[in-house]
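Numbered from 1 within each chain, the chains take letters A, B, ... in sequence-line order.
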2 protein chains.
Amino acid sequence: MTTSHTAPTLASVPPANRVATRPVRADGRRNYDALLQAARKAFAARGTSASLDEIASAAGVAIGTLYGHFPTRDALLEAATRDELAGLLALDVDAEPLTGLRTWVLHAVAFCSTYRGFVSTVAQGAHDEASLWREGCHAMETRGAELLAAAQRAGRVRREVTPVELFDLVGAAAWLRENAGPDHDGSTRLVDYVLDGISRP
Amino acid sequence: MTTSHTAPTLASVPPANRVATRPVRADGRRNYDALLQAARKAFAARGTSASLDEIASAAGVAIGTLYGHFPTRDALLEAATRDELAGLLALDVDAEPLTGLRTWVLHAVAFCSTYRGFVSTVAQGAHDEASLWREGCHAMETRGAELLAAAQRAGRVRREVTPVELFDLVGAAAWLRENAGPDHDGSTRLVDYVLDGISRP
DNA sequence: ACCTGAACACCGTTCAAGT
DNA sequence: ACCTGAACACCGTTCAAGT
């Protein structure tokens with residue numbers, strides 16, 4: 001095998017697994033950005049199942065243009081939440097391990113509930129090999145696992161708790177944030193009860 | 001006002017709030033039952049957003065017949081889960097308050113995750129006045145509140161915990177049961193961590 | 001009282017024709 | 001390289017005609 005190791009071309013990636021990239025031509029970039037802005041607005045207002053027709057209209061482009069840039073709804077969602085994920089992964093937390101863990105978990109919960117319905121999509125990414133969020137989920141799990149391990153090393157959290165269980169807590173609390181009553185913050189309460197359950201004085 | 005207090009007639013209830021009832025005519029009852037059976041199968045296989053066309057076909061009736069018996073998807077879902085809810089409400093639990101509370105919570109979690117997507121519908125019922133699950137949610141909350149209060153009276157659970165928070169735990173754990181990885185029971189773990197967090201020795 | 005299925009509406013997705 | 005919008009498919013929902 002003397003073939004050089006080339007990056008995957010656009011054509012080699014099936015549409016379902018293709019990540020959206022910002023075009024080079026000026027009109028393409030304008031439309032791409034307008035679509036993203038419209039998508040964020042629509043997802044925020046109607047959840048992740050917002051009408052794609054509506055998004056295209058709001059962005060002032062034809063529906064085919066939307067599909068040209070974002071082959072699937074997930075590709076659009078992923079692009080619309082990419083910055084928030086980067087922010088979460090770069091988050092600096094408190095040096096005290098238990099406080100730091102709590103802060104990070106609450107930020108992860110906020111990220112996963114960016115839009116109504118988003119957390120289910122993200123959770124898929126943890127198990128589905130082909131999901132666009134596989135890498136992102138992996139990175140989140142890794143960061144969470146680090147903070148968990150640090151808290152365990154410091155004797156602040158029970159040794160038996162696993163990274164997967166921490167990830168489960170983030171998902172469950174995010175679902176609560178999306179679905180609980182409007183006038184009461186159940187997700188933070190849930191996180192605190194669990195941290196009480198797994199922490200040591 | 002001398003008008004007698006009559007029960008609401010069919011016509012007085014808007015379709016969205018109408019609860020399905022078993023018809024009196026023999027052919028109607030046959031179709032009603034066949035639809036329910038097909039619905040349970042379809043919901044179990046594809047979640048609560050299963051195709052209604054498919055359900056009607058599987059039941060061997062026209063789509064109009066389905067709508068005749070069940071004016072909305074929620075009406076069909078409610079009828080398909082009515083027995084399970086009754087079972088939950090009639091559940092006898094252990095006399096030891098904390099054990100009893102745990103058993104009931106796990107059964108409530110199982111009920112709310114009967115079908116993929118079901119828990120979000122149920123959670124709506126807790127806040128939406130018009131939901132078909134309003135009564136059911138209220139009954140669940142009442143039963144949960146009873147068991148919670150008993151555990152608190154016995155000094156086994158922190159006084160500050162509220163019935164709404166218990167209901168939130170049930171919903172969050174049910175979401176996990178619907179969405180977590182297939183080979184790992186994250187929802188029971190979550191319940192146990194929370195019970196650890198709120199219980200007293 | 002209940003059943004049927006055509007008709008309509010809505011929305012996601014593709015693709016041939018264009019610049 | 002990118003845009004357009006008609007065309008198709010799928011599915012939920014209604015309703016006039018029937019038994």
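- Minimum interatomic distance between G136(A) and L85(A) (heavy atoms only, all atoms of both residues): CA-CD2, 3.8 Å.
- Side-chain atoms of E96(B) and T99(B) include a donor-acceptor pair closer than 3.5 Å.
- Whole-Å rounding puts the R29(A) CZ to dC3(D) P distance at 12 Å.
- Atoms CZ and OG1, on R158(B) and T162(B) in that order, are 12.0 Å from each other to the nearest 0.5 Å.
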Q.
Let me check I have this right: for DNA chain C, each base becomes ., (, ), [, ] or |, based on Watson-Crick or G-U pairs with both distances under 3.5 Å. What is the full string?
A. ||.|||||...|||||.||
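- Nucleic acid contact for G68(B): none, since no nucleic acid atom lies under 4.0 Å from a heavy atom of the residue.
- Distance check: I55(A) CD1 to L76(A) CG gives 5.5 Å after rounding to the nearest 0.5 Å.
- Of the candidate nucleotides dC11(D), dA1(C), dA6(C), dA1(C) has the atom lying nearest to any side-chain atom of R25(B).
- Checked against a 6.0 Å centroid threshold, the rings of Y193(B) and Y193(A) do not count as neighbours.
- Relative orientation of the Y115(A) and F43(A) rings is tilted, given thresholds of 30° and 60° on the angle between their planes.
- Nearest to the side chain of H69(A), among dC3(C), dG12(D), dC2(D), sits dC2(D).
- Here dG5(D) is the nucleotide among dG5(D), dT4(C), dC11(D) with the atom lying nearest to any side-chain atom of A62(A).
- Here the P atom of nucleotide dC10(D) and the CD1 atom of I55(B) are 18 Å apart, to the nearest Å.
- Spacing between atom OH of Y32(B) and atom P of dC2(C) amounts to 12 Å, rounded to whole angstrom units.
- Straight-line distance from the CZ atom of R46(B) to the P atom of dC11(D): 10 Å, rounded to whole Å.
- Between dC2(C), dT13(D), dT13(C), one nucleotide has an atom nearer to the side chain of V24(B) than all others, and that is dC2(C).
- dC2(D) atom P lies 10 Å from atom CG of N31(A), rounded to whole Å.
- Which of dT13(C), dC3(D), dT13(D) sits closest to the side chain of L52(B) comes down to dT13(D).
- Checking dG5(C), dG12(C), dG12(D) against every side-chain atom of R73(A), the shortest atom distance belongs to dG12(C).
- In this structure, R22(A) atom CZ and dC2(D) atom P are separated by 12 Å, rounded to whole Å.
- Taking atom CZ of R30(B) as the reference point, atom P of dA1(C) lies 18 Å away to the nearest angstrom.
- The distance from atom CG of D53(A) to atom P of dC10(D) is 18 Å, rounded to the nearest whole Å.
- Ranking dT4(D), dC2(D), dC2(C) by closeness to the P23(B) side chain, first place goes to dC2(C).
- D185(B) and S187(B) form a side-chain donor-acceptor contact under 3.5 Å, judged by distance and modelled atom types alone.
- Nearest nucleotide to the side chain of S51(B), out of dT4(D), dG5(D), dG12(D): dG12(D).
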